[in-house]
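Model, not experiment: these values are computed from the prediction. Chain letters run A, B, ... following the sequence lines, proteins first, then strands; residues in each count from 1.
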2 protein chains.
Amino acid sequence: MRIRDENKEASIREKAMEMIVNEGFDGLSMQKLAKAAGVSPATIYIYYKNREDLLTQLYNEVQEKFAEVALRRFNPELSLEEGLWLQWKNRMKFILEYPVYFQFFEQFRNSPLINHKDIQKNEFRENMKNFVLNAIKRGELAKMEPEIFWAVAYGSFYTVVKFHLQEKTMMGGPFKMTDTKMKQMLQMVLKALKP
Amino acid sequence: MRIRDENKEASIREKAMEMIVNEGFDGLSMQKLAKAAGVSPATIYIYYKNREDLLTQLYNEVQEKFAEVALRRFNPELSLEEGLWLQWKNRMKFILEYPVYFQFFEQFRNSPLINHKDIQKNEFRENMKNFVLNAIKRGELAKMEPEIFWAVAYGSFYTVVKFHLQEKTMMGGPFKMTDTKMKQMLQMVLKALKP
DNA sequence: TTTGTAAGTGAATGAACATTCATTTATATT
DNA sequence: AATATAAATGAATGTTCATTCACTTACAAA
């Protein structure tokens, strides 16, 4: 039998995300995608059941890659400061390396597609929950709901990362993240979180 | 001449946002919208030049309404605590009153449409910048870039608001915002921001 | 009461859409 | 070398799309 061309699948995946990032979900048509990826429209249907399946599979793949990078060298026994810093660095690294993945990811997360039955649940969940609980037990973290922890610890982080990826922020000029600024912000966030 | 039916315009606006929130930008077609709004497809083109114009006008209208509510009773001379608390309360009120507007807004902000030439620049910008500068001058706020202030002060807030609007958060169960939790979070954020 | 005009319409148009299908191609196995 | 099989294709299908147009309707001004 004929062997699958890995390049074709990768090309479809990459071009699909590029199209969505540049033109939105309504800018993605199967025929345009086929042309951009250099394959026949029918080829896409070898890899994906239909358009919906393409979108949800793309999201699940990105989510898996992202989780893998975010959890690198992480374990929930780490101190609050060490663990949070590691997560920020891991996430930042991924986002800077694959900005298109991240922008696709964010667009998807804010769309109704996120409620699709085929979307996998986040695998950090357990890890993150344990990390929070351990830090509270150790007295490094004030007692709070995990969602409030998440909002303060990561909501602020993602907001600043999105500024970094824009050419002009809502405040006027451009904004570039640096290691120093990231450390400054970590200290601020830690002050908020400590008991 | 015949007078414009305000109800028609409002109906088109509301149904368009509902459709986008429920089915995404690719779920909005002019014919489906016309049917849902109870008008002829051609009527939509009396109010909006084309589909693109409909989307950008919707966003601009929501942004204006949101800015109006957010700035209610606000002035940039307010103390950090008072000003931030007022802004959170104002924004929360708007979001709870018009969740569909907010979800449309967030979906739009995370899509490439946000770079469209007809999208108006935020009018809080000046107000917000002055508020930050005043608070720094008064010594209530550590010296920092406005984007970092924004991320810590509002990024965390919006994250938690989005949790509130989801039925299940990434941490497993549902999460409901309350006045108490909002005050708890405000104190945390203030700790982070203070010099 | 007549008239001018913008609001509002349903049906039509051609383009673009997602998906399928009959056929060809490449390769691993025999 | 022959065969089996999944990969890959281009053209075709029927549907839905955004937009337009010839027409009707409602109302303010005359």
Flag if over 12 foreign heavy atoms under 6.0 Å of OH, A/Tyr98: no
B/Leu33 CG to D/dT16 C1', straight-line distance once rounded to whole Å: 15 Å
Residues which pass side chain to side chain donor-acceptor pair (under 3.5 Å) with A/Gln184, listed by chain and number, not counting sequence neighbours: none
Please set out all donor-acceptor pairs under 3.5 angstrom arising from side-chain atoms of residues 185-195 of chain B, sequence neighbours excluded.
residue  : atom : partner  : partner atom : Å
B/Gln187 : NE2  : B/Glu81  : OE2          : 3.3
B/Lys191 : NZ   : A/Lys194 : O            : 3.0

Under-4.0 Å salt bridge between B/Arg51 and A/Asp26: yes
Pairs satisfying salt bridge (charged side-chain N to carboxylate O under 4.0 Å, His left out), at least one member in residues 53-62 of chain A, at least two apart: A/Arg13-A/Glu61
Sugar-phosphate, base or nothing in reach of A/Tyr48, heavy atoms under 4.0 Å: nothing
Interatomic distance where CD1 belongs to A/Ile44 and C1' belongs to D/dG10 [whole Å]: 14 Å
No-hydrogen, no-angle side-chain donor-acceptor test under 3.5 Å, B/Tyr101 and B/Gln63: no
Residue list, side-chain contact (heavy atoms from CB on, under 4.5 Å) with A/Leu96, at least two apart or on another chain: A/Met92, A/His164
Donor-acceptor pair, side chain of A/Thr56 and main chain of A/Glu52, under 3.5 angstrom: yes
Between D/dA18 (P) and B/Arg51 (CZ): distance, integer Å: 6 Å
Please list, one pair per line, the donor and acceptor atoms closer than 3.5 Å that link side chains of residues 134-142 of chain B to other protein atoms, with sequence neighbours excluded.
residue  : atom : partner  : partner atom : Å
B/Asn134 : ND2  : B/Pro76  : O            : 2.9
B/Asn134 : ND2  : B/Asn130 : O            : 3.3
B/Arg138 : NH1  : B/Glu140 : OE1          : 2.9
B/Arg138 : NH2  : B/Glu77  : O            : 2.6
B/Arg138 : NH2  : B/Leu78  : O            : 3.4
B/Glu140 : OE1  : B/Leu80  : N            : 2.8

Under the salt bridge (charged side-chain N to carboxylate O under 4.0 Å, His left out) test, residues paired with B/Glu64 that sit two or more places apart: none
Net bend of the helix from C/dT1-D/dA30 to C/dT30-D/dA1, end axes of five pairs each, nearest 10 degrees: 10°
Where chain A begins and ends its contact with DNA chain C, read 5' to 3' at 4.0 Å from heavy atoms: C/dC17 to C/dA28
Over 12 non-hydrogen atoms of neighbours within 6.0 angstrom of NZ in A/Lys176: yes
Contact residues, residues 18-29 of chain A to DNA chain D [heavy atom, < 4.0 Å]: none
Nearest-Å distance for atom pair NZ/P, residues B/Lys35 and D/dA18: 14 Å
Residue whose closest nucleotide on DNA chain D lies nearer the 5' end, A/Gly38 versus B/Gln31: A/Gly38
First encountered from the 5' end of DNA chain C, between A/Met30 and B/Arg4: B/Arg4
For residues 152-159 of chain B, run the donor-acceptor check on the side chains, cut-off 3.5 Å, and write out each pair with its distance to 0.1 Å, sequence neighbours left out.
residue  : atom : partner  : partner atom : Å
B/Ser156 : OG   : B/Val152 : O            : 2.7
B/Tyr158 : OH   : B/Arg91  : NH1          : 2.9
B/Thr159 : OG1  : B/Gly155 : O            : 2.7

Which atom pairs, one a donor and one an acceptor, fall under 3.5 Å between side chains of residues 104-113 of chain B and the rest of the protein, sequence neighbours left out?
residue  : atom : partner  : partner atom : Å
B/Glu106 : OE1  : B/Arg109 : NH2          : 3.4
B/Glu106 : OE1  : B/Lys162 : NZ           : 2.8
B/Glu106 : OE2  : B/Arg109 : NE           : 3.2
B/Glu106 : OE2  : B/Arg109 : NH2          : 3.2
B/Gln107 : NE2  : B/Ile20  : O            : 3.4
B/Asn110 : OD1  : A/Lys162 : NZ           : 3.1
B/Asn110 : ND2  : B/Glu106 : O            : 2.8
B/Ser111 : OG   : B/Phe108 : O            : 2.9
B/Ser111 : OG   : B/Leu113 : N            : 3.2

Sugar-phosphate or base contact per nucleotide [nucleotides 20-30 of chain D; S, B, -; heavy atom under 4.0 Å]: BB---BBBB--
